[in-house]
2 protein chains.
Amino acid sequence: MKAADKAKHRTDMISSALRSAILERVLMPGMKLPEDSLGERFGVSRTLIRQSLERLAAEGLIELRRNKGAMVAKPSLEEARDLFELRTQIEDLVISRVIKNMSPEILGELEAHLAKEVEAENASEPISIRLATEFHILLARLSGSPVLLRYVEEIGYRCGLTLSLYARPHSTDCGIQEHRQIIDALAKGDEDTARKLMRHHLTAVADRALFTTEEGGPLLYLDALEPYARKVRDGGA
Amino acid sequence: MKAADKAKHRTDMISSALRSAILERVLMPGMKLPEDSLGERFGVSRTLIRQSLERLAAEGLIELRRNKGAMVAKPSLEEARDLFELRTQIEDLVISRVIKNMSPEILGELEAHLAKEVEAENASEPISIRLATEFHILLARLSGSPVLLRYVEEIGYRCGLTLSLYARPHSTDCGIQEHRQIIDALAKGDEDTARKLMRHHLTAVADRALFTTEEGGPLLYLDALEPYARKVRDGGA
DNA sequence: GTATAAAGGATTGTATGCAATTTCGCCACA
DNA sequence: TGTGGCGAAATTGCATACAATCCTTTATAC
């Protein structure tokens with residue numbers, strides 16, 4: 001057996017790559033995802049692509065219509081609202097758990113992530129949605145509950161997709177301040193305040209996303225997947 | 001094109017069959033699920049079986065270990081607790097939505113389902129866990145939110161699995177009374193009471209499940225899948 | 001007798017091939 | 001010019017074939 005047995009395998013890597021591409025607006029809602037092209041791009045056969053697409057469809061990031069292939073999901077505004085509302089309920093639990101587990105190490109991890117967010121904001125990089133989502137996922141991980149992690153991840157990604165669809169750029173800027181406050185409340189062990197802050201934060205993020213930009217038409221294709229594909233092709237080793 | 005285009009296809013049917021088999025304890029936690037045997041049993045190739053297994057793994061009903069195949073999931077007690085806690089949070093939202101949508105038709109559907117539960121109890125059939133779960137799923141459907149439906153279904157099934165693992169038989173009997181009370185509160189439009197009843201109901205169901213029966217060993221095989229497989233083989237028409 | 005190792009069988013991982021369905025272009029015709 | 005249908009190309013659905021991995025059994029050495 002090799003040193004690292006946890007080598008994620010190709011289907012996982014492809015799924016991750018596609019998920020990132022979707023969340024970073026490289027693959028935009030409505031885009032078609034033909035199995036052949038993707039397979040060629042990632043250097044694998046349609047079998048693995050199909051697996052990845054099925055997985056992403058189960059997560060709600062793409063839509064899979066019989067005999068018609070896959071396309072990046074285009075969630076409606078109602079769906080977006082439902083997702084954020086659901087997320088609020090779930091993250092209530094996360095807050096409780098994290099407070100119970102609170103420790104200097106945990107606080108350190110949170111601070112470290114916040115630092116990354118600040119850094120990205122200063123560089124005005126366009127990945128802030130992704131980092132903001134990952135803050136919530138980090139909290140879920142620190143809750144110690146695999147169940148919570150699983151659902152916060154999935155719903156967080158779906159919310160990220162709706163944000164990339166409906167929110168105008170830079171609408172997440174002030175989110176960092178709110179993350180800061182949440183961390184502070186957690187550090188003080190003030191569960192009630194932390195929960196209120198989290199609820200407020202999430203509804204604020206959702207509200208800022210009501211800009212129904214109604215962008216261009218249903219799109220096609222892309223070569224911009226190259227950077228994502230490269231990692232997969234070069235082998236996960 | 002045929003009259004009904006919505007014909008669920010074979011992967012869906014196989015997934016449903018396996019899901020039912022798991023929830024009805026025909027496939028018990030820990031059982032191995034070899035692709036070849038299942039394929040032969042259902043009359044399809046491993047391709048479709050793999051798809052179904054992946055789907056069920058995404059739902060948390062089976063575990064999928066690399067190169068070692070699938071087995072029915074054996075959720076831990078902590079996981080069970082987390083699932084019920086999460087479910088409580090989600091069904092809070094369901095209650096609110098259903099109250100908003102309340103109408104004679106909806107009430108009728110709920111009463112009809114309750115009647116089925118009573119009937120099954122009188123016949124002392126062993127499918128009460130399934131019917132009880134379906135009550136909650138019906139509520140989620142009546143909430144009008146596909147998002148809520150999706151997650152209540154999934155988490156409901158996972159809770160059903162933990163019940164089938166840990167709960168002793170007949171522990172769901174008194175659940176029917178609680179369903180009755182919830183329907184009444186909903187009919188009266190009393191959201192607060194409905195929510196409290198639902199929370200109490202779910203924690204009660206979870207608490208009754210603390211009997212860690214620790215049944216036999218890791219099991220193998222089965223021909224009892226035959227009734228499930230037949231429906232799939234005979235074609236979904 | 002136990003332990004280790006190697007070989008064989010069984011099971012999963014991935015690619016490829018063929019059938020079925022959809023999509024799109026083309027031509028006929030009103 | 002617009003519309004309907006027919007056919008070819010493209011795409012997905014499913015099965016099968018082969019490669020890789022794991023498990024079991026047997027053989028051999030200590």
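Note on naming: letters A, B, ... go to the chains in the order of the sequence lines (proteins, then strands), and numbering restarts at 1 for each one.
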Residues of residues 52-62 of chain A with a heavy atom under 4.0 Å from any atom of DNA chain C, listed by number, are none
Rounded to whole Å, the CG-P distance (A:Asn67 to C:dA19) equals 17 Å
note: A:Asp36, atom CG; D:dA9, atom C1'; distance rounded to Å ~ 13 Å
A:Lys32 atom NZ is separated from C:dC24 atom C1', nearest whole Å, by 12 Å
query: Is any side-chain heavy atom of A:Leu38 closer than 4.5 Å to a side-chain heavy atom of A:Leu53?
result: yes
- Query: Using 30° and 60° as the class limits, which term best fits the ring planes of B:Phe135 and B:His113: parallel, tilted or perpendicular?
  - Reply: tilted
Whole-Å distance, B:Arg66 CZ to D:dC22 C1', equals 12 Å
Do side-chain atoms of A:Asp92 reach the backbone of A:Gln89 as a donor and acceptor pair under 3.5 angstrom? no
Tightest non-hydrogen contact, residues A:Lys74 and A:Pro29, listed as CG-CB, 3.4 Å
Residues passing the salt bridge (charged side-chain N to carboxylate O under 4.0 Å, His left out) test with B:Glu85, sequence neighbours excluded, are A:Arg97
Looking only at atom types and distance, does a side-chain atom of B:Asn101 sit under 3.5 Å from a main-chain N or O of B:Val98, one as donor and one as acceptor? no
Within residues 43-51 of chain B, those residues having any heavy atom closer than 4.0 Å to DNA chain D are B:Val44, B:Ser45, B:Arg46, B:Thr47, B:Leu48
Handout entry: Side chain to side chain, B:Ile14 and B:Tyr228, heavy atoms closer than 4.5 Å
Key = no
Separation of D:dA20 atom C1' from B:Glu35 atom CD, nearest Å, is 14 Å
inquiry  = Looking at B:Phe84, is its backbone amide N or carbonyl O close enough to the side chain of B:Thr88 to form a donor-acceptor pair, meaning the two atoms are under 3.5 Å apart?
reply    = yes
Subject >> Below 4.0 Å: OP1/OP2 of D:dT11 and any side-chain N or O of A:Arg65 >> reply: no
From NZ of B:Lys68 across to C1' of D:dT21 the rounded distance in Å is 11 Å
Taken to the nearest whole Å, CG/B:Leu64 to C1'/D:dT21 is 15 Å
Rounded to whole Å, the CG-P distance (A:Leu38 to C:dA15) equals 14 Å
B:Ser37 side chain vs B:Leu33 backbone, donor-acceptor pair below 3.5 Å: no
